[in-house]
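Heads up: the structure comes next, in structure tokens.
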Amino acid sequence: MENNLISHELEQMRSQISALKDKLDKQTIINESHIRNSMKSKASDLNRTVGITIFVGVLALVYCTWFFYTQDFSLAFVVSTAVMLTVCILLTIAQKVALGRLDFSQDNLVETAKTLGKVKKHYSEWHRIAIPMLVIWFGWLMYEVITNMGPGPMTIGFCCGAVVGGIIGGIIGFRINRKVIDKAAEILAHIDDLKRGNQ
């Protein structure tokens, strides 16, 4: 009788442990699904931000080439500006293509993290190239304006407008760059969470 009672209690404990294990497994699956959906949402936001940057870059390429050419700026300056903007657009397109290939399936987390790490690194280090390039280009722009317009109120007005526009553009560019880096870091943190959960 006592043996039957112990056996019954053991069976009940096994049943409760099994039910608890099933509940934990379901909770893990729901949690993992939530993390993956969050990663996809952030990646979609990243893609949209980079896509807008490309669109604005193309508009800038067309407008700047037309404007500088019609203002009789030197051909060297017009071509250099067009080449600079084209290279920037192509590099951004390369990052968009890399982001478009992200796969959040179980088997590809390592590759996804590697790709995303490269994108994050590109945006983190971009200022090392961009700032010197823009300083040189801006100095050349001021030279072209003064050479073509000569001294006077129009030249001062144009230069002041260019400085204000440059500051506003720089702030917007910095914020976009920071947003891409932060979103990439958030997705990489999610990937780390999933890796730890699967160990």
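Note that the numbering runs from 1 along the sequence shown for the chain.
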Next item on the list: Please determine which of I181, L99, L46 meets the side-chain contact (heavy atoms from CB on, under 4.5 Å) test together with V119.
Entry: L99
Notebook entry, point to check: L59: which other cluster members, linking ILVMFWY side chains closer than 4.5 Å, directly or transitively?
Noted result: F55
Checklist line | Distance, nearest 0.5 Å, that separates CZ of R175 from OG1 of T49 | finding: 12.0 Å
Note to self: Show every side chain to side chain donor-acceptor pair (under 3.5 Å) that has at least one partner inside residues 50-71, sequence neighbours left out.
What the structure shows: none
Notebook entry, point to check: How long is the gap from CG on L91 to CD1 on I54, to the nearest 0.5 Å?
Noted result: 10.5 Å
Item checked: Residue pair A98 / T115: nearest heavy atoms and the distance that separates them -> O-CG2, 3.6 Å
Next item on the list: Give a yes or no on whether V56 and L61 share a hydrophobic cluster (residues Ile, Leu, Val, Met, Phe, Trp, Tyr; joining criterion: side-chain heavy atoms under 4.5 Å apart).
Entry: no
Next item on the list: Verify side-chain contact (heavy atoms from CB on, under 4.5 Å) between L188 and K120, making sure each step is shown before the conclusion.
Entry: CA-CA 10 Å; L188 286 168; K120 183 174 175 273; 3.9 Å; yes
Check: Are V145 and F138 grouped together when hydrophobic residues (ILVMFWY) are joined by side-chain heavy atoms under 4.5 angstrom apart?
Finding: yes
Check: When rounded to the nearest 0.5 angstrom, what distance separates OG1 in T147 from CE in M142?
Finding: 11.5 Å
Next item on the list: Return each pair, listed once, that meets ring pair (Phe, Tyr, Trp, His ring centres under 6.0 Å) where at least one residue sits in residues 71-102; pairs must be two or more places apart or across chains.
Entry: F68-F73, F68-F77, F73-F77, F77-W137, F77-W140
Check: Can you tell me how far CD1 of I187 sits from CG of D182, rounded to the nearest 0.5 angstrom?
Finding: 11.5 Å
Note to self: Please give the remaining members of the hydrophobic cluster of I136, linking ILVMFWY side chains under 4.5 Å, ordered by chain and number.
What the structure shows: none
Next item on the list: Decide yes or no on side-chain contact (heavy atoms from CB on, under 4.5 Å) for V164 and C160, but give the supporting numbers first.
Entry: CA-CA 6 Å; V164 171; C160 289; 5.5 Å; no
Note to self: Looking at Q95 and V50, would you say the former's side chain and the latter's main chain have a donor-acceptor pair under 3.5 Å?
What the structure shows: no
Check: Got a salt bridge between R48 and D45, using NZ or NE/NH1/NH2 to carboxylate O under 4.0 Å?
Finding: yes
Margin query: For residues Y123 and V97: do they belong to one hydrophobic cluster (side chain heavy atoms under 4.5 Å, members Ile, Leu, Val, Met, Phe, Trp, Tyr)?
Written below: yes
Margin query: To the closest 0.5 Å, what do you measure between CG (L85) and OG (S80)?
Written below: 11.0 Å
Note to self: For F67, is the CZ atom crowded, meaning more than 12 foreign heavy atoms sit under 6.0 Å from it?
What the structure shows: yes
Notebook entry, point to check: Are I172 and M84 connected, step by step, through hydrophobic side chains (Ile, Leu, Val, Met, Phe, Trp, Tyr) whose heavy atoms are closer than 4.5 Å?
Noted result: no
Item checked: Single hit among I89, V83, L90 for side-chain contact (heavy atoms from CB on, under 4.5 Å) with T86 -> L90
Item checked: For N47, side chain to side chain donor-acceptor pair (under 3.5 Å) partners two or more places apart -> K96
Check: Under 4.5 Å between side-chain heavy atoms, hopping through other hydrophobics if needed: is there a path connecting V163 to V135?
Finding: no
Item checked: Rounded distance [0.5 Å steps], NZ in K183 versus CG in L116 -> 12.5 Å
Note to self: Under the rule for side chain to side chain donor-acceptor pair (under 3.5 Å), what residues qualify as partners of S124, not counting sequence neighbours?
What the structure shows: none
